S.K.: 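Mind having a look at this structure? Questions to follow.
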Amino acid sequence: MSENKPLEREFAYTSVHFNTARTTLYRLAGIKLADSKDAMVYSRLVRRIRTLKLAGFSAYFEYLLSHENEHQEFINALTTNQTAFFREPHHFEVLKQYLIDNPDTRRIWCAASSTGEEPYSIAIAVAEHFNSFKTPIEIIASDIDSGVLKKAEMGIYPLDRIDTVSDIRKKRFFHRGRGSQLGNVRVVPELKQMLKFTRINLLDSFWPLKTPIDVIFCRNVMIYFDKETQEVILKHMMNSLREDGLYIAGHSENFNMFPQIITAVGQTTYRPVKGLMSAKT
């Protein structure tokens with residue numbers, strides 16, 4: 001976009017505004033926005049400007065500096081949440097095999113739960129493994145976006161969101177909505193009770209989690225961070241995993257540049273490098 005010729009929009013918007021949004025998001029959440037995201041930034045932030053009844057983007061960034069409680073709204077507005085039930089289905093077979101091989105598994109963390117489809121898929125896989133909703137495993141579902149976490153906790157989805165779910169799973173794990181909820185489905189209460197939802201910013205030096213964690217799902221998240229930030233987060237995660245724990249990444253992610261931290265054990269599945277825990281300071 002041009003430096004000083006904003007497009008015809010409701011509010012003036014230049015590359016200075018776009019770059020301010022990018023640098024602020026990186027500072028608050030470690031997320032890097034591509035040059036191609038300028039239109040997205042406008043459309044997302046203009047809603048906050050209207051809601052707050054501000055004069056424009058410059059006024060919004062001044063407001064953001066002086067109102068810390070707006071930081072979360074800003075992050076929520078600019079983070080993208082794409083997910084589906086049993087996305088990359090082979091990972092859930094890997095999880096089931098891990099549970100078979102490691103009957104002492106007690107803790108699974110879904111580090112980017114978005115609107116809940118992924119952690120509920122994890123919970124379904126765990127329930128199927130034990131053939132029960134009552135299991136010894138704690139499943140933590142976190143996200144930086146408090147808005148999507150609220151949607152996840154509700155566990156209500158349009159009916160077409162479960163089109164790819166088998167009929168057996170539909171009957172066991174979902175209830176069809178009636179009345180005002182016609183056209184929606186809700187996860188059964190027993191499944192919801194298997195999950196603990198909490199907001200976590202992966203950039204924070206402290207995560208409110210019990211360790212060690214047995215399995216971490218962190219799929220298609222690291223692609224939004226630069227190499228330096230990836231290294232910091234990966235080291236924190238590997239130090240949070242048990243030594244033979246499992247880290248499940250997304251199909252677009254590769255961590256060959258961090259051989260001192262993480263090692264591949266399968267298709268987009270990893271483990272901490274041996275000795276990493278003892279080297280932790």
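Treat the numbers as computed from the prediction; the structure is a model and nothing was measured. FYI, side chains are in, hydrogens and waters are out, and symmetry mates aren't considered; it's all heavy atoms of this structure.
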S.K.: Taking the side chain as every heavy atom from C-beta outward, state whether Ile100 and His129 have any pair of such atoms under 4.5 Å apart.
M.R.: yes

S.K.: Please check if the side chain of Arg271 supplies one atom and the backbone of Asp244 the other of a donor-acceptor pair under 3.5 Å.
M.R.: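 Yes, because the side chain of Arg271 sits within donor-acceptor range (under 3.5 Å) of the backbone of Asp244.
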
S.K.: Taking only residues two or more places apart in sequence or in another chain, which ones pass salt bridge (Lys or Arg N to Asp or Glu O under 4.0 Å) with Arg219?
M.R.: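 Checked Arg219 against salt bridge (Lys or Arg N to Asp or Glu O under 4.0 Å); matches are Glu118.
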
S.K.: Please determine if Lys210 and Glu138 form a salt bridge, counting it only when a charged side-chain N lies under 4.0 Å from a carboxylate O.
M.R.: no

S.K.: So how far is it from Leu202 CG to Thr229 OG1, rounded to the nearest 0.5 Å?
M.R.: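 Interatomic distance, Leu202 CG to Thr229 OG1, rounded to 0.5 Å: 11.0 Å.
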
S.K.: Heavy atoms, side chains only, cut-off 4.5 Å: are Val273 and Pro259 in contact?
M.R.: no

S.K.: Do other residues, nucleotides or ligands put more than 12 heavy atoms under 6.0 Å from Lys170 NZ?
M.R.: yes

S.K.: Looking at Tyr120, Phe92, Tyr98, Tyr270, which one forms a ring-ring contact (aromatic ring centres under 6.0 Å, His included) with Phe217?
M.R.: Phe92

S.K.: Evaluate whether atom CZ of Arg176 has more than 12 neighbouring non-hydrogen atoms of other residues, nucleotides or ligands under 6.0 angstrom away.
M.R.: no

S.K.: If you apply the rule side chain to side chain contact (heavy atoms under 4.5 Å, CB included), what do you find for Leu54 with Phe11, and how did you get there?
M.R.: CA-CA 10 Å; Leu54 297 173; Phe11 298 100; over 6 Å; no

S.K.: Show your working on side chain to side chain contact (heavy atoms under 4.5 Å, CB included) between Arg50 and Val46 and close with a plain yes or no.
M.R.: CA-CA 6 Å; Arg50 293 191 195 110; Val46 78; 3.8 Å; yes

S.K.: For the residue pair Tyr60 and Tyr63, does the interplanar ring angle fall in the parallel (under 30°), tilted (30 to 60°) or perpendicular (over 60°) class?
M.R.: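 Rings of Tyr60 and Tyr63: parallel, as their planes differ by under 30°.
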
S.K.: Is any side-chain N of the basic residue among Asp104 and Arg106 closer than 4.0 Å to the acidic one's carboxylate O?
M.R.: no

S.K.: Checking the side chain of Glu253 only, and the main-chain atoms of Met222 only, is there a donor and an acceptor separated by less than 3.5 Å?
M.R.: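 Present.
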
S.K.: With a 4.5 Å heavy-atom cut-off, do Glu62 and Ser66 have their side chains touching?
M.R.: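 Glu62 does not reach Ser66 side chain to side chain.
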
S.K.: The criterion is salt bridge (Lys or Arg N to Asp or Glu O under 4.0 Å); which residues satisfy it with Asp35, sequence neighbours excluded?
M.R.: Arg22

S.K.: Please check: side-chain N/O of Gln267 versus main-chain N/O of His251, any donor-acceptor pairing under 3.5 Å?
M.R.: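 A pair under 3.5 Å: no.
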
S.K.: Name all residues meeting the ring-ring contact (aromatic ring centres under 6.0 Å, His included) criterion together with His17; count only those two or more places apart in sequence or in a different chain, and write none if there are none.
M.R.: Phe57

S.K.: So does Lys96 pair up with Glu128, basic N to acidic O under 4.0 Å?
M.R.: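 Yes, charged N to carboxylate O under 4.0 Å.
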
S.K.: Please name all residues satisfying salt bridge (Lys or Arg N to Asp or Glu O under 4.0 Å) with Glu73, sequence neighbours left out, ordered by chain then number.
M.R.: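 Listed in chain order: Arg48.
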
S.K.: When you measure from the side chain of Arg44 to the backbone N and O of Ala77, does any donor-acceptor pair fall under 3.5 Å?
M.R.: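 Looks like yes, one N/O pair under 3.5 Å.
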
S.K.: Check whether any side-chain heavy atom of Lys151 sits under 4.5 Å from a side-chain heavy atom of Ser114, and report yes or no.
M.R.: no

S.K.: May I ask you to check whether over 12 heavy atoms, not counting those of Met154, lie within 6.0 Å of atom CE?
M.R.: no

S.K.: Hey, does the side chain of Thr268 reach the backbone of Gly250 with a donor-acceptor pair shorter than 3.5 angstrom?
M.R.: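 No, the answer is negative, given that no donor and acceptor are paired below the 3.5 Å cut-off.
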
S.K.: Using the rule side chain to side chain contact (heavy atoms under 4.5 Å, CB included), only one of Ile137, Val94, Thr135 pairs with Leu99; which is it?
M.R.: Ile137

S.K.: Going by ring-ring contact (aromatic ring centres under 6.0 Å, His included), name the residues that satisfy it together with Phe85, two or more places apart in sequence or in a different chain.
M.R.: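 Phe85 satisfies ring-ring contact (aromatic ring centres under 6.0 Å, His included) with Tyr157, Phe174 once adjacent residues are dropped.
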
S.K.: Verify the distance criterion only: is there a donor paired with an acceptor across the side chains of Asp143 and Ser113 at less than 3.5 Å?
M.R.: no

S.K.: With a sphere of 6.0 Å drawn around NZ of Lys37, does it hold more than 12 non-hydrogen atoms of other residues, nucleotides or ligands?
M.R.: no

S.K.: Look only at the side chain of Asp214 and the backbone of Arg107, and say whether a donor-acceptor pair between them is shorter than 3.5 Å.
M.R.: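 Yes, Asp214 side chain to Arg107 backbone: donor-acceptor pair under 3.5 Å.
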
S.K.: Say whether Asn76 and Ser146, considering side chains only, have a donor N or O and an acceptor N or O under 3.5 Å apart.
M.R.: yes

S.K.: Quick check: are there more than 12 heavy atoms from other residues, nucleotides or ligands sitting under 6.0 Å from CZ of Arg161?
M.R.: yes

S.K.: Judged by modelled atom types alone, do Glu231 and Gln260 share a side-chain donor-acceptor pair under 3.5 Å?
M.R.: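 Yes.
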
S.K.: For Gln193 and Phe133, run side chain to side chain contact (heavy atoms under 4.5 Å, CB included): C-alpha distance rounded to whole Å, both residues' side-chain angles, the deciding distance at 0.1 Å, then the answer.
M.R.: CA-CA 8 Å; Gln193 290 168 7; Phe133 291 107; over 6 Å; no

S.K.: Ignoring hydrogens and geometry, is there a side-chain-to-backbone donor-acceptor pair from Glu117 to Thr83 under 3.5 Å?
M.R.: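 No; judged by distance alone, with no hydrogens or angles, the pair does not exist.
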
S.K.: Please identify each residue that fulfils side-chain hydrogen bond (donor to acceptor under 3.5 Å, both in side chains) with Asn131, with sequence neighbours left out.
M.R.: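 For Asn131 there are no side-chain hydrogen bond (donor to acceptor under 3.5 Å, both in side chains) partners, ignoring immediate neighbours.
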
S.K.: For the backbone of Phe225 and the side chain of Gln230, can you confirm whether one donor and one acceptor N or O come within less than 3.5 Å of each other?
M.R.: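 Such a contact is found between Gln230 side chain and Phe225 backbone.
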
S.K.: Side chains of Tyr26 and Asp226: is there a donor and an acceptor less than 3.5 Å apart?
M.R.: yes

S.K.: If you take all heavy atoms of Arg172 and Ala127, which pair is closest and at what distance?
M.R.: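 Taking every non-hydrogen atom into account, NH2-O, 4.1 Å.
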
S.K.: Are side-chain heavy atoms of Asn239 and Lys235 found at a separation under 4.5 Å?
M.R.: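 The answer is yes; the side chains approach within 4.5 Å.
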
S.K.: Run Phe173 and Val165 through side chain to side chain contact (heavy atoms under 4.5 Å, CB included) and show every step you take.
M.R.: CA-CA 10 Å; Phe173 300 108; Val165 176; over 6 Å; no

